[in-house]
Structures are given as structure tokens and as C-alpha cells.
Amino acid sequence: MPKLTVNGREIEVPAGITVLQACELAGAEIPRFCYHERLSIAGNCRMCLVEMERAPKPIASCAMPVADGMVINTDTEKVKKARNGVMEFLLINHPLDCPICDQGGECDLQDQSMAYGYDRSRFHENKRAVTEKYMGPLIKTIMTRCIQCTRCVRFATEIAGVEDLGLVNRGEHAEITTLEKAIDSELSGNLVDVCPVGALTSAPYAFAARPWELKKTPSIDVMDAVGSNIRVDARGRQVMRVLPRLHEDVNEEWIHDKTRHACDGLARQRLDKPYVRGLDGKLRPARWEEAFEAIAQRLEGADPKRVAAIAGDLCDAESMVALKDFLGGLGSPNLDCRQDGAKVGDGPRFSYLFNTTIAGIEQADAVLIVGANPRHEAALVNARLRKRFLASGLPVGVVGEPVDLTFETRHLGNDPKALAELAEGRGAFAEILEKAEKPMLILGSGAVARPDGAAVHALCLKIAERYGLVGEAAPEGWNGFNLLQRAASRVGGLDLGFLPGPGGLDTAGILAAASKGEMDLVWLLGADELDMAQLGSAFVVYQGHHGDAGAHRADVILPGAAYTEKNATYVNTEGRVQLGRLAVFPPGEAREDWTILRALSERVGARLPYDNLGDLRRRLIETAPGFARLDQVAAAPWEPLPDSAGTELSSAPFTLPIDNFYMTDPISRASATMAKCAEAFVLPKQAATGTEG
Amino acid sequence: MKVTSYLKPQTGGFAFTPENEEKAKGYIARYPEGRQASAVIWLLYLAQKQNGGHLTDEVVEYVAWYLEMAPIRVHEVVSFYTMLYTEPVGEHVIQVCRTTSCWLRGSDEITRACLEATGVERLGGSSADGRFTVVEVECLGACCNAPMFQVGDGDYYEDLTPDSARRVIEALKRGERPAPGSQTGRLSSLNEDGPTTLKDTFPQKAKGTAGGAAGKADKSEGAGDAAG
């Protein structure tokens, strides 16, 4: 460990870090533009100059590795003058348009020119102007503001894995360009975050608000099962934007475009009052009492076996436990939180979790992906896989539809036959798995939702056992078996046992019974991805926040709260319990979901025993003790599963569950921004492959 | 490390001729396996020559595909280097050096003479007949024989005066290749007034004018060795 002196203070730092990092460890702040912890080092902005003893001139601290005995000074007159000079140069061609710039108030250049800059410029010539570039519907470019730090180029190339951005020309004519191509990456929104100036700004958020007007609420994303940590910025009752929050083990500091930009969907298509379907077959607005009355009438004397509930993809754990208790009070065993019809969930906990954990990917040395496109199902898991690939050349085998994952993959086959071969130890990839120390398998949630999902799951477990992904053959503490969930509510629902009780029906069973007219009442808790035609003549209660498929079919609509409008608990695909917080209040008469169920339970005479969130959370922990451990991943121990010889493997090829990444749930389907993205990125591809319609 | 494979460009039909393909393979073979992208400048230069002196988007994309690089990476290289042209150029590209030594010794006049003689309207442009392109470049490293320009791939014409510059261009117009090197006939960059040491090795030259900026007397006898 090298020892160096920073501003007269001796400090011992890990070898291999840079002088800039060492200065930070020593508590000295170093201004910077081009340096970014997660990107390669460019060293071109020169803002991080510091003085090093025995060096003839100031050094760029971001690009200088630490060495033993270095003496660094960051607060001398020379350093101050150097920063002054660099700042003056950077501002030579930077327009003075802060008052009309969206970055104003959260701009690195603005802040650092205040802190380290000079108060005037000696440059009296004309500033240069640069034409705007097209970067797709999410990124607005004002390239005159660009200071050529190339963070965006490095982000696109290294993290996002799309080499579309580059710095062309040289000297005064240097500019960032995409060659007029939209940046086709799910992570493109992060370019706006990495840009230290106002050159790349968020197009949907253009001129919408100033940072100091916004109320910032830390929360959790529900657009996929990764549980990205987000910050919800709201003004008044409107969510203005969503930004990432740092969480090293989950999303690092990135989020994908759906997380970031689907928030305009929160203001559209909202259910803001209860509705009841009248005798004329039309939904009409109603008061809460009327809606409750309509439901109570149906429930009165109903056979509990003819009552069912299905929970959707965005539900919080609180509302699910309330609904489970509510149905339990009625005596109905028919409930399911797997609206996609997944065939796993009732087994031990490890069988439906991403056991390796997302950070654990960085130790893996071989990956087998089965029937999944992590780029669409969990973009940040894919970003980790890419990170690991770049670091170690991770071999990745894919069974299922071949997709471009932004890194090199080996396609092993389209159907379960390829899996069966692996299970028998045949094929080239078998050798790789055999040799790997820490191999992992990622099973897609789409693959276990097939009719033969249970058999696919069993086969993957068999592979996991055979190649030492789990069990005794695996290294201590390693569990390489992963089910990649894609619904934010799923693991929470499964942990809570939101599953068919004894003699109860699962999603397919409920729908089958309903289409035969054997269901009196079906409760859809935000469940929209069902074939609504199958609900037959059943009385449908839709509790949710958007007027989507479920609300169209419903006989009674109970307006609930979206994820930004409630204090709620979510469990991500790793089994990590995280708290989402209320940023704005639900619109109109909409209420937090558990309070709706609590109120109705009183009306039908089966009162739920909790009156506040504290009580409910206690009940949550009582139902599943894991909910007490916030932001922790408790290892789910592996255990051999009994052979499920019940189902036969079919030979049908694996299909991917998401064909339009930008529209997967009621919120993103209501979002105008997501519609623009789909138009820019998805439709051209569908037209090209002839899969349209 | 190979990360992604890029599709063959859909547009255009540019491809290396068999001879150039052979050369391209040779250039790539100079670098370790997997580092083929290092040959990008060589290949671009080769492609530029084959394409008649300049690079179009489709040529750039062809080279990118050939080297398994992202097209934008190759565009970056093309736009950075001044010897890679993205606009059509004439048969002869005249690069007039304008950096300090040449400028002090009258490169402005040389430029003007070049423009006049070739009929090119502005720097960076080409003559109407498509035979000449005149550009100004930074130091070409022949400061001791300033002022100078370069024609094509490496013909240095040095110790120029507006007259001798015109003469070179007229010769080019006639389809000749005037002898490169000093146009005053001095050997390489020997002292204009003849050697002051090693007098036995180098022949004593006829007396020139005494040093200084005025010392540009045009000597016509004997063409010196090419400085290239």
C-alpha cells in the first residue's frame, strides 16, 4: 500500500488507484469534468490539475497512478491558478446561456466555475457554434455547450455497449456526433446524467422545471424486478422526472429508460374515482360507498370457492398481504400473484430467486442464459453481465432466441433439447461449465411460464446440480441458480404466499373456471396482462391506478395508488426488501391500496386487523419474516427438489416474453415518451423482421 | 477483445481490389492478432487511393467492417487526420506548408502563386478541371528548406519562390513529374553559400548572396538530390 502526502497529511492508500482518488480519500476535493468513477480515464479536461513535488508542472491527477512517497498539494497558489486557467479555457467556447439551460442549477460547469473559476474572460473573439445532433427521442442536444469531456462517448461504448457516439474532427472543430442515428440502448437516459454540462439534456423534461423547485423523494422502481433505487422529483402533485440513486449492489448509478422516462404515464389514463358498471353495460363514476356496496352485494352469501384474486406486476407487498388476508377472511383459496402463469413459486425460496445476486455476477466465470433477454427483462442485470464480460471475457451461452446482448454470446439452441443435452453433459458449453469455478445459470421468467415451465425449471435445477452451480460442489457461499423475474411484485407475492391455498386455483385455473361461468367474483389487483375475454361473465373488480385492460373489463373499479404515491415495500428478484416512498398523493379520490381493502373488509364484515401502516408492516413480517430485513439479501439455502416427473418437456422453441421493451405495464403503456421510443426503436425492427401485427 | 460484430454495410459496392486486399492483409499482419484495428490508417489510405483520392461514407464503413470496428470509430480517425479527405480532390493535391519557418520565408506568396497557377479559387478547393487541389498544412518538417509544398504522396518541392512554384505546377499540368527537392539546386539542406566544413567532401558552390531573408536568389543550375 503506497504512502503519500496530500496537503501535508500522510495517508496510506490502496495500490493502483489514481492521485485524484487518493486526494479524495485524504479529504481534498478535486474538481473534474471528464473523470468518472465508472468510466475509463480520458484525462482531457485538465480540471483536476494538482501540484506534485519534483514534477516540473501540475499533473492531471485523474490519470496519474499513485506511487510511494508522492507529495501532492491541492491548495497552493499554483494549483489555484492552474484551475483558473483551465476554467477560463473551458469557458472560451461555452455559451453564457445558463438562464435558458435545463442543466442550470445542477450543472458541474456552473458549480465549478463558481468555486474554482475566474470572474471574467479575456477571450474577445466570437465563440464557436456547433450544430445540434439527433440522438433519439430521449436526448436533447445543444452541442454548443459541449466541453468535449467524452464522458458520453465512453458511457455508450463501455457501459451501454452501443458504439454509436464518437468525437469527430479535431481542435476547435471537435464535436460529439452520432452520425444522425438514435442511440438504440435501454440505458441511453444515463447519458444525460453523465454529461457534466447542458449539452445532453432530457428531451421529455425540457424546460419543465428547475431543480430547486422539485421535491426529491428516494424511492424504488417497479418497471422491472431489479428494484433500481430511484429519486422521484415532483413539483406540486406531478412527478416531473425520475433519477437514479446510488446503490452499488443493485443498479450502481444507472437506471434504464423505462424507469426514467415512463413517469409521464403517471399523469395519463389515471383512475381517479371509483366506477361501477351500470345496467346499460357502461362504466359510470360512483362514490366509494356505491362501489363498496356493489362488491358487498356480490360477496354476500357467495360461495368462497367461486371468489378469486389475481395480483399484477406492479403491486406492493402491503396491498398483496391485505388482499390475501381479505380473501382468507372470506374463506377463498383461489389467489395467485403469477399473472403470467409461471409454474414455479410454491417450492423453496431459492427456486424463484436470483440467488447469485446482481453484484455476485462480478464473480461469475461462466453464464448460461435460458429463454431470457436480460437486456429487456432486467437491463441493469445485463449491464452487470457486460461489465463482467469486459473485465474477464465471461463466456455466455444462450439457449433460446438469439439476441444481441451487447456482448459476445454463444448460441446453443432454440429449444429445451439444447438444455437436455447440457444436462447430459454434451456439447461444447458443457466443458466450459464443467471447468468454471463459479458458473451461473439465468433462467428467464418467460421460460417457466410455458406450459412445460415446471419441467424446464426442473431441468435447469438438474443442470445446476450437475455442474456445481449449487449444493456441495459449489464454492462456499456460491449459488449459481437464478430465476430472473421481471415483475416488481413477483418475489414479494411469492414470499407472502400469495398462491393458491389448499384446493385453490392458480391463474390458469381461475381463468378457466371464469370462462366456464364457475366464478362469481374475480379481484384483479393491478392485473392487466391477462386475456380478459377469458373472464367470461364473472363479476370483475379492478383495483389499480391506470385505465388499462383490467379496468376496461371491470364491473367495479377501485382507484388505487401508483408506485410513486404510496409508502410501500417491494422485493426485487434477488429477494432484497426495499421501501418505496410516497412522493405525491394519488390523484382525485384514489387511495393507497391497502386502505381500500381495509375499508371494504369492514363493510363486508371481515375486518382486517390493521389500522395503520405500522400494524400492516407488522403483519407483513409475521407472514414472511424476511420483510424485517430491509435492503439485505438473505441467502436462500439450496435444497434438492423432488423430481417433478409430472410434466413433459415440449419441443417448442423458447420465446421471449417482451417484444416491446418500452411498453410492458400500464404506466409505460400510458406514457407518451415511451410511445415515441417504441416508434423510434421497436417498430422499425418489427417492420424489418416482418413480425409486425 | 471482440465485443460485437458489425454488419457489412448495406450501401455501395466498394471493396478492395485483389491487389489492395493483398496489401491490406499485409498491413493487418503487422499487428498482433486481435489488434487488427491498429491498421486502420493504413487501410484508409489504401482505400482512399483506390477510391480516387478521397473517402466516402461507404468506403469508411467498408474499412470499419473489414477491421471489425464500429463505423463511428473509423469516422473519428478520418475526421482527425488531414491527409484523409472526405471531399473529392484533384489528381494532384498540393499541400503548402504554412508553419513558422515557411511563413517567415514567404509561404503566403507561395500559396497565392499556387492558387493562381492552378486556377483554384479558395484554399481547400479544387480546380475546375479537377486536376489540382490546394490546401495549407502545418509543418511538413522541411523547415531548413523553407518555403515548401508537398505534391501527392511525398514529393517535396523546397526552397520555392512564387516563380519556381508556378514552374512546378506548369510541369505537373503537362503531365511531367518535376524533380523533387530543392528548387534552387542546393544539395539537401546544405548551407546555401556552400559548405563551411567538410569542404573536401562537398563541392564548393557558386557564391550566393549573403544570408538573411533576402537570400532567395533563384539558382537554376543543377537539380539537387531529392530531399525526401
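All values below come from the heavy atoms of this structure, side chains included, with hydrogens, waters and symmetry mates left out. Since we're looking at a predicted model, the values are computed, not measured. Throughout, protein chains are lettered first and strands after them, A, B, ... in sequence-line order, and every chain is numbered starting at 1.
With a 6.0 Å radius and a threshold of 12 heavy atoms from other residues, nucleotides or ligands, A:Lys181 has its NZ atom at or below the threshold. The number of heavy atoms from other shown groups lying within 6.0 Å of CD (A:Glu437) does not exceed 12. The number of heavy-atom neighbours closer than 6.0 Å to CD of B:Glu21, taken from other residues, nucleotides and ligands shown, is above 12. Sparse packing is recorded around CD of B:Glu121, with 12 or fewer heavy atoms of other residues, nucleotides or ligands lying under 6.0 Å away. Sparse packing is recorded around CZ of A:Phe89, with 12 or fewer heavy atoms of other residues, nucleotides or ligands lying under 6.0 Å away. More than 12 heavy-atom neighbours from other residues, nucleotides or ligands sit within 6.0 angstrom of CD on A:Glu132. Applying the 6.0 Å contact sphere to NZ of A:Lys127 captures more than 12 heavy atoms from other residues, nucleotides or ligands.
Contacts between residues 164-177 of chain A and chain B, counted as heavy-atom pairs separated by less than 4.5 Å, involve A:Asp164, A:Leu165, A:Gly166, A:Leu167, A:Val168, A:Asn169, A:Arg170, A:Thr177. Contacts of residues 139-160 of chain A with chain B at a heavy-atom distance below 4.5 Å involve A:Val153, A:Thr157, listed in sequence order.
Not counting sequence neighbours, the partners of A:Arg384 by the salt bridge (charged side-chain N to carboxylate O under 4.0 Å, His left out) test are A:Glu252, A:Glu362. Residues passing the salt bridge (charged side-chain N to carboxylate O under 4.0 Å, His left out) test with B:Lys23, sequence neighbours excluded: none.
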